Amino acid sequence: MVLETAGLNATELSAYCRERGLFPEQVDRWRQAAQDANEKPVLTLKEQKELEKLRAQDQREIKALRVCGKTHAQGEFFPFLS
């Protein structure tokens, strides 16, 4: 839709929108949203790598906590509770 209307003047855009049951303002908002989305990536490459590093660290910690919980539940930390 945004690409189809990119080269249209105001009169042509109005006719295009009438044929499709749209308002020119809608196309303008969609065009602006598309431009805004392309301006800056959500995360830079450096931020993406840092996020991956933190996620890997979280997974290691979760795994360690699971092992610790299983060991604790089996009474290995407190054998007198078994």
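In this text the structure is predicted, and so the values were computed from the model without any measurement. Any value given below was found using the heavy atoms of this structure, including those in side chains, with hydrogens, waters and symmetry copies removed.
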Side chain proximity check, Glu52 to Arg55, heavy atoms < 4.5 angstrom: no

Between CZ on residue Arg20 and OG1 on residue Thr5, distance to nearest 0.5 Å: 9.5 Å

Reported CG-to-CD distance for the pair Leu45 and Glu50, which is rounded to 0.5 angstrom: 12.0 Å

Cluster link Trp30 to Leu8, ILVMFWY, side chain under 4.5 Å: yes

ILVMFWY network linking Val2 to Leu22, side-chain heavy atoms under 4.5 angstrom: yes

Set of side-chain contact (heavy atoms from CB on, under 4.5 Å) partners for Glu61, sequence neighbours left out: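 Testing Glu61 for side-chain contact (heavy atoms from CB on, under 4.5 Å), a comparison that skips the adjacent residues, returns Gln57, Asp58.
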
Closest heavy-atom pair and its distance - Pro24, Ser14: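 Taking Pro24 first and Ser14 second, the nearest heavy atoms are CG-OG, 4.1 Å.
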
More than 12 heavy atoms of other groups within 6.0 Å of Ile62 CD1: yes

Test side-chain hydrogen bond (donor to acceptor under 3.5 Å, both in side chains) applied to Asp28 and Gln32, step by step: CA-CA 6 Å; Asp28 290 338; Gln32 187 61 49; over 6 Å; no

Donor-acceptor contact below 3.5 Å, side chain Thr44 vs main chain Glu47: yes

Any donor-acceptor N/O pair, Glu19 side chain to Tyr16 backbone, under 3.5 Å: no

Derivation and outcome, side chain to side chain contact (heavy atoms under 4.5 Å, CB included), residues Lys46 and Lys49: CA-CA 5 Å; Lys46 183 179 178 182; Lys49 288 184 184 271; 5.9 Å; no

